Amino acid sequence: GSPEPLRSQLMNDRAIRVHLLSTIARVPGIKKTEIYHLFESTLFAKKYQKNTVVFKVDAALSYLENEYFIKCRNDRYVATDFGRKSTLLYIDPLTAVEFRKAIGARERTTTRKNNDGNDSHTLGFLHMITTSADFYPKLSLRKKDFEELSSLIQHHSDELFYPTSEYDYSRSLLALYEWIEETSDRMISDNVGVEPGDMHRMVEIGDWLAYSLYEVAKLLKREDLLTEIHNLRTRIKYGVKEELIPIVALEGIGRVRARALYNAGLTDPRKILQASNSKLSAISKIGPTVAAKLKKQLKKIEQEKSFRHNHEIDRF
């Protein structure tokens, strides 16, 4: 059959922004004429008029400069620290700007605390992630979702970074929130209408964007948010509540086994190490094989800690 026609993706504004910022970050001091020449050699320029290419490039340059991704001196462009970080994270500049504005809008002191006594912004972070330009899929809300979402916003309004309404959210946020609250795949499918395949995609993208959010917050020197963002990333990756974070860090332990260990009173790695083999083996979803691997792993960790401690003493 006849081959399908080739279409340049650079007609998309996102692609122009991403590639233009990447080019400037990779070639510091590049001139505008050199940028034009680069884009004029693409398939995009072959399919469209030169004026269209120049207009698109100029619009993207103006946006990147206005949002402090790049600076222009003597007709030469260089990337700022914010611009370099954004291109290294492979995120759309729009996403980086959304993260920066939301973080900047929140004061360093809040009132609501999580289990560790730290400020809690869980719903606010999830809202940022699921509404960002890079998040996919964004599933629209159904009629029956509005009541649940309204209740969620009402109970966690102090976690948000700026005022919102139910119409600012998607069903994807509800799905991710249920996921980090340890709701099963079947319950998420029945109650939220998100199948395991879509859920897996959301978790992967959510993990990437949570990492990007962490890096942006670090660049903005928001140390008060870093621990919580790091913990949220772990919760998104494994689908667990906050108390299970130390346990899922162990190799071979997922959300189901971590919850079984926690419910058995083994709430941290130290207690797991101190537990007898028979007690570990008797726990549901653990068994003798997993128990032996856990013990071996934890003993190795303890030995490494002891070695590092003794080494530091010797250096002192």
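Please read all numbers here as calculations on a predicted model, not as lab measurements.
- At most 12 heavy atoms of other shown residues, nucleotides or ligands fall within 6.0 angstrom of atom CD in Q49.
- Of the possible polar contacts, none joining the R17 side chain to the L94 backbone as a donor-acceptor pair under 3.5 Å is found.
- Each ring pair (Phe, Tyr, Trp, His ring centres under 6.0 Å) pair with one or both residues in residues 9-44, not counting sequence neighbours, appears once here: F44-Y48.
- A 4.5 Å side-chain heavy-atom check between L43 and K47 finds at least one atom pair inside the cut-off.
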Worked check of salt bridge (charged side-chain N to carboxylate O under 4.0 Å, His left out) between K31 and E34: CA-CA 5 Å; K31 293 183 177 180; E34 294 172 330; over 6 Å; no

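- In this structure a side-chain-to-backbone donor-acceptor pair under 3.5 Å is present from N66 to S62.
- No chain of hydrophobic side-chain contacts below 4.5 Å, direct or via other Ile, Leu, Val, Met, Phe, Trp or Tyr residues, connects L88 to V18.
- Applying the side-chain hydrogen bond (donor to acceptor under 3.5 Å, both in side chains) rule to E67 yields the partners R100; only residues at least two apart in sequence or on another chain are considered.
- Following chains of ILVMFWY side-chain contacts shorter than 4.5 Å, one cannot reach M202 starting from M187, and the two form parts of different hydrophobic clusters.
- Between R14 and D134, some side-chain heavy-atom pair lies under the 4.5 Å cut-off.
- Side-chain N or O atoms of R142 include one that pairs as donor or acceptor with a backbone N or O of V192 at under 3.5 Å.
- A donor-acceptor pair under 3.5 Å is formed between the side chain of W208 and the backbone N or O of L89.
- A salt bridge is defined here as a Lys NZ or Arg NE, NH1 or NH2 lying under 4.0 Å from an Asp or Glu carboxylate O, and E204 with R201 fails to meet this definition.
- The backbone N or O of V240 lies less than 3.5 Å from no partner atom in the side chain of R255, so there is not a single donor-acceptor pair.
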side-chain hydrogen bond (donor to acceptor under 3.5 Å, both in side chains) between T52 and K56, intermediate numbers included: CA-CA 6 Å; T52 303; K56 286 278 190 179; over 6 Å; no

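- Every residue was checked against the side-chain hydrogen bond (donor to acceptor under 3.5 Å, both in side chains) condition with T289, not counting sequence neighbours, and none meets it.
- Between V53 and T42 the shortest side-chain heavy-atom distance does not fall below 4.5 Å.
- When the ring pair (Phe, Tyr, Trp, His ring centres under 6.0 Å) test is applied to F99, no partner is found at least two apart in sequence or on another chain.
- With hydrogens and angles ignored, the 3.5 Å screen pairs a side-chain donor or acceptor of W179 with a backbone N or O of I236.
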Validation: residues 75-82 side-chain donor-acceptor distances under 3.5 Å, sequence neighbours left out:
{"unit_1": "R76", "atom_1": "NH1", "unit_2": "G29", "atom_2": "O", "d": "2.7"}
{"unit_1": "T80", "atom_1": "OG1", "unit_2": "Y68", "atom_2": "O", "d": "2.6"}
{"unit_1": "T80", "atom_1": "OG1", "unit_2": "F69", "atom_2": "O", "d": "3.1"}
{"unit_1": "T80", "atom_1": "OG1", "unit_2": "F82", "atom_2": "N", "d": "3.4"}
{"unit_1": "T80", "atom_1": "OG1", "unit_2": "G83", "atom_2": "N", "d": "3.1"}
{"unit_1": "D81", "atom_1": "OD1", "unit_2": "R84", "atom_2": "NH2", "d": "2.3"}

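- In this structure, a donor-acceptor pair under 3.5 Å is present between the side chains of E166 and S150.
- In this view, Q297 satisfies the side-chain hydrogen bond (donor to acceptor under 3.5 Å, both in side chains) rule with no residue, not counting sequence neighbours.
- With hydrogens and angles ignored, the 3.5 Å screen pairs no side-chain donor or acceptor of H156 with any backbone N or O of L152.
- Screening L213, L209, V216 for a side-chain contact (heavy atoms from CB on, under 4.5 Å) with T95, the sole residue that qualifies is L209.
- Taking 4.0 Å as the cut-off between side-chain N and carboxylate O, K71 and E65 do not count as a salt-bridged pair.
- Side-chain rings of H127 and Y177 stay apart, their centers remaining 6.0 Å or farther from each other.
- Considering only heavy atoms from C-beta on, F161 stays 4.5 Å or farther from K101 through its side chain.
- At least one donor-acceptor pair closer than 3.5 Å links the side chain of E159 to the backbone N or O of L123.
- L21 is listed as a side-chain neighbour of S86, based on a closest heavy-atom distance under 4.5 Å.
- Between R235 and E181 a salt bridge is recorded (basic side-chain N to carboxylate O distance below 4.0 Å).
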K271 and L261: CA distance, side-chain angles, deciding distance, side-chain contact (heavy atoms from CB on, under 4.5 Å) verdict: CA-CA 10 Å; K271 291 182 179 179; L261 288 165; over 6 Å; no

